[in-house]
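Working notes for the structure below.
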Amino acid sequence: MNNPSNLGLPIGTTLDRFIKKKQDEFEYATGELSQLLRDIGLAGKIINREVNKSGLLDIGGAYGSKNVQGEDQQKLDVIANIRFTRALHNGGQVCAIVSEEDEEVIKLNTNGKYVVCMDPLDGSSNIDVNVSIGTIFSVYRRLSPLGAEVTQEDLLQPGTEQVAAGYILYGSSTMLVYTTGHGVNGFTLEPSLGEFVLSHANMTYPTDGKIYSINEGSWNEFDQELRDYITWCKDNNLTARYIGSLVADFHRNMLKGGIYIYPSTTKVPEGKLRLLYECNSLAFIAEQAGGVATDGQQRVLEIQPKAFHQRSPLYIGSKNMVKKASEFVAKESKEMS
Ligand code: AHM
Ligand code: MG
C-alpha cells in the first residue's frame, strides 16, 4: 500500500492510542466513530473472556431457542449479542443495530450517528469443540437526520457505504482486525495487559495463493461450473483448508493467500452467509487489503440489500484466485480490476 495506513505507529501500539492517532489525522473528525470503535474493542474483550471460560462453566451448548434463521442459538451467541448491544448502547454513538441474533432491528440512541450490522459470534457450531470463532461487524453513517426515527434506507445501505468494518478472531490468540477505508490493521490481545496491541500493520492479501476453502461435502449440491473449478484446484495442486468458521478461514487466507467460497447450492440457492453482517464486512476488509469479493457474478459491495437477513453467495480472497474462480462460475466473465 502506498499510503501506510498504520501512520508509522510501531508494533505494540495499543488499539486506543492507534484509534486516537488516526482520528487526529482528520481535521473534521468529531471522535464519535473513534468512540464507537473503542466500544467494539471493549465488547470484544468481554466476549473473549466468556469464550475462554466456555467448557469450564455451564455456558457451552444449545440455549434451547432458535434465531431468526431457525438455527439453534448457543448460549455464547446470546451472551455475545447482549454484550455487544450493551457496549454500543452505553457508548451512545449508535442509533440502530442489525444483528444475526435478532429478527428485528435493535433501536438505540436516536441521536446516534451510526448504524452497526453485526454477527456477534460466528461459527457457532465450533464453540463447544474449542475451535476458532469470531465476531464480525460493519459500521454505516445514518442517512436520516439525528433525532428522527431510523429508516429502512439507513439500515439497508450497500457495502460501498461502510465507514468501518472488522472482525475479532477468538483463536490461538485473540485478534481484532479492522479498516476505516484506509488499509487494514490487526491488533492482538495481550492477555496480561488486557489490551489489543498493533501486531499486523498494513495487512495485505497476497495476490495469489494455494489454499481453497469450501465445504466439499456439499459437492452433490454444487453446479457443474463450480465442480469444474474445484477439479481445477485439485489438478493444480492447491491445498484444501476449511475450518467452518468464516472469520478463521478468511483470516488464514488473508495471511497466506487463498480463496474462501460459500456458493449457491441446490439446498441454499442464495448461499448461507448473510450479506449485511458477514459478506459485506469481510468484502470491505478484503478490498482494503488488495483482495477481491464477489457473489460469483458481481462485486459484493455493490449489491443493494433488500432485507436485513438477506443471504449471498461469497467468493472472497486473493485477487488472482477469485479471478480464476470467476472464469469458471461467472455467467458473464467481467474483467476484475
Ligand atoms: P453461523 O453464522 O450460523 O455460525 O454460520 C456461518 C458459518 C460460517 O462461519 C462458516 O464458514 C459456515 O457457516 C460453515 O457452514 P457449513 O457448515 O455449511 O460449511
Ligand atoms: Mg454467522
Side-chain angles (χ1 to χ4, degrees), residues 44 47 51 54 60-63 65-81 83-85 97-103 116-138 165-171 175 177 211-222 226 230 240-254 258-283 285-286 293 295-296 300 305 307-317:
I47 293 165
V51 167
S54 168
Y63 188 64
S65 60
K66 294 194 182 292
N67 71 5
V68 290
Q69 278 86 30
E71 300 151 337
D72 284 334
Q73 282 185 300
Q74 302 291 312
K75 284 185 185 174
L76 268 177
D77 292 1
V78 177
I79 292 169
N81 198 35
R83 294 297 194 185
F84 251 93
T85 306
I97 299 174
V98 176
S99 164
E100 178 174 333
E101 300 301 332
D102 284 285
E103 180 158 16
V116 170
C117 302
M118 66 173 183
D119 183 351
L121 208 55
D122 182 70
S124 43
S125 64
N126 282 325
I127 294 173
D128 284 351
V129 290
N130 215 350
V131 173
S132 299
I133 44 182
T135 294
I136 314 175
F137 62 90
S138 282
Y167 60 80
I168 302 164
L169 172 59
Y170 312 98
M175 276 194 77
V177 174
I211 298 171
Y212 72 102
S213 312
I214 184 168
N215 186 344
E216 273 189 75
S218 304
W219 178 270
N220 289 343
E221 294 148 28
F222 294 162
L226 181 58
I230 294 170
R241 291 282 184 275
Y242 190 72
I243 297 169
S245 272
L246 175 60
V247 171
D249 280 311
F250 176 87
H251 184 74
R252 181 205 52 240
N253 289 356
M254 182 158 70
I259 182 170
Y260 171 97
I261 302 173
Y262 207 109
S264 154
T265 70
T266 48
K267 216 186 245 172
V268 284
E270 305 302 324
K272 176 186 184 191
L273 302 175
R274 274 49 64 118
L275 177 62
L276 284 190
Y277 39 80
E278 292 174 328
C279 302
N280 270 342
S281 329
L282 297 185
I285 295 169
D295 67 354
V300 166
F308 302 144
H309 302 290
Q310 179 173 333
R311 296 173 193 265
S312 169
L314 182 64
Y315 291 70
I316 192 166

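Order of appearance sets the numbers: ligands from 1, and atoms from 1 within every ligand.
Taking the N/O/S atoms of Glu100 in turn, the shortest distance to the Mg ion (ligand 2) belongs to OE1. Within Asp122, the N/O/S atom positioned nearest the Mg ion (ligand 2) carries the name OD1. The minimum distance between the Mg ion (ligand 2) and any N, O or S atom of Glu278 involves atom OE2. For Asp119, the N, O or S atom closest to the Mg ion (ligand 2) goes by the atom name OD2.
Taking only nitrogen or oxygen atoms, main chain and side chain alike, Tyr260 reaches within less than 3.5 Å of ligand 1. Polar contact check, Val247 against ligand 1: no nitrogen or oxygen pair lies under 3.5 Å apart.
Of the candidates Phe250, Tyr262, Tyr242, it is Tyr262 that places a heavy atom closest to atom 18 (O) of ligand 1. Among Ile261, Asp122, Asp119, Val268, the residue whose heavy atom sits closest to atom 6 (C) of ligand 1 is Asp122. Around atom 3 (O) of ligand 1, the closest heavy atom drawn from Glu100, Glu216, Glu278 belongs to Glu100.
A distance-only check finds no donor-acceptor pair linking the side chain of Thr265 to the backbone of Phe222 [under 3.5 Å].
When Ser281, Ser312, Ser99, Pro305 are each tested for a side-chain contact (heavy atoms from CB on, under 4.5 Å) with Leu276, only one passes: Pro305.
Looking at heavy atoms from C-beta onward, Val177 lies out of side-chain contact with Leu169 at the 4.5 angstrom threshold. Using a 4.5 Å cut-off on side-chain heavy atoms (C-beta onward), Arg252 and Ser213 make contact. Inter-residue side-chain proximity for Glu101 and Pro120 is flagged as met; some heavy-atom pair is nearer than 4.5 Å. The shortest side-chain heavy-atom distance between Ile316 and Tyr262 does not fall under the 4.5 Å cut-off.
Residues Phe84 and Phe137 place their aromatic rings such that the two centres sit no closer than 6.0 Å.
Under a 4.0 Å criterion applied to the non-hydrogen atoms of Gly123, ligand 1 contributes the atoms 4 (O), 9 (O). Proximity to Asn215 (heavy-atom distance under 4.0 Å) selects the following atoms of ligand 1: 16 (P), 17 (O), 18 (O), 19 (O). Taking a cut-off of under 4.0 Å to the non-hydrogen atoms of Leu246, the atoms of ligand 1 that pass are 8 (C), 9 (O), 10 (C), 11 (O).
There is a side-chain donor-acceptor pair under 3.5 Å between Asn126 and Ser245.
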